Amino acid sequence: MDNHPTPHALERSTRRLWDQWLELLDARACATMPHPGIAQTALELMPEDVDNPQWWAQKVAITYEQHRGLRALGQASDGKFAAQASKTTPLTLDDDARQEWRTWWRDVMAQFAARVKSN
């Protein structure tokens with residue numbers, strides 16, 4: 001795959017090589033389909049004994065779309081991009097700190113709910 005790593009987990013879990021997926025999906029003109037059609041086709045082609053076939057069909061569809069240039073890495077099926085970040089810190093919360101945080105969070109959510117309700 002150009003500019004994309006080989007989807008080893010996909011191959012392992014579906015027991016089908018990526019080149020085989022490409023051949024099968026291309027033969028069914030998936031490059032001209034929207035995402036739901038590709039995912040449905042992948043599900044129909046999924047070996048029967050695959051665990052969680054719906055999930056793997058989605059993975060096949062997304063990887064196929066990326067491979068064929070129909071979707072960029074990180075792009076959702078609606079064409080939008082989203083990002084998020086998190087940070088883990090090496091600390092623990094004692095019961096008092098945890099209760100203080102819960103109180104703060106309830107207040108924040110109550111303020112948010114009041115704003116939504118007033119609009």
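Source: prediction; values computed, not measured.
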| request: Please identify each residue that fulfils side-chain contact (heavy atoms from CB on, under 4.5 Å) with L17, with sequence neighbours left out. | output: E11, Q20
| For T14 and V50, which heavy atoms make the closest approach, and how far apart are they? | CA-CG2, 4.0 Å
| request: Kindly compute the distance separating NE2 (H67) from CD1 (I62), expressed to the nearest 0.5 Å. | output: 15.5 Å
| query | With sequence neighbours left out, what residues match D96 under salt bridge (Lys or Arg N to Asp or Glu O under 4.0 Å)? | reply | none
| request: Taking all heavy atoms of A57 and all of A39, pick out the closest pair and write down the distance. | output: CB-O, 3.6 Å
| query | Do you know which two heavy atoms are closest between A9 and W56, and how far apart they sit? | reply | O-CH2, 3.7 Å
| message | Let me check something: do I38 and L10 share a hydrophobic cluster, defined by ILVMFWY side-chain heavy atoms less than 4.5 Å apart, either directly or through other members? | response | yes
| request: Heavy atoms only: give me the nearest Q66-A72 pair and the separation to one decimal. | output: NE2-O, 4.0 Å
| When rounded to the nearest 0.5 angstrom, what is the spacing between CG in L73 and OG1 in T63? | 9.5 Å
| said: With rounding to the nearest 0.5 angstrom, report the CZ to CG distance, R16 to L22. | reply: 12.0 Å
| query | Which value, rounded to the nearest 0.5 Å, describes the distance between L70 atom CG and H35 atom NE2? | reply | 11.5 Å
| Are any of the side-chain heavy atoms of V60 and L45 separated by less than 4.5 Å? | no
| message | With a sphere of 6.0 Å drawn around CG of D94, does it hold more than 12 non-hydrogen atoms of other residues, nucleotides or ligands? | response | yes
| Could you give all pairs that pass the salt bridge (Lys or Arg N to Asp or Glu O under 4.0 Å) test and reach residues 27-54, with sequence neighbours left out? | R15-D49
| message | So, taking the atom named OG1 in T41 and the one named CH2 in W21, what distance separates them when rounded to the nearest 0.5 Å? | response | 10.0 Å
| query | Counting only heavy atoms not in F81, do more than 12 fall under 6.0 Å of its CZ? | reply | yes
N/O donor to acceptor pairs below 3.5 angstrom from side-chain atoms of residues 99-108, sequence neighbours left out:
{"from": "T103", "atom 1": "OG1", "to": "Q99", "atom 2": "O", "distance (Å)": "3.0"}

| query | Who are the side-chain contact (heavy atoms from CB on, under 4.5 Å) partners of T88, not counting sequence neighbours? | reply | none
| Sequence neighbours excluded, which residues qualify as side chain to side chain donor-acceptor pair (under 3.5 Å) partners of D26? | Y64, R68
| query | Can you check whether E65 reaches Q75 side chain to side chain, under 4.5 Å on heavy atoms? | reply | no
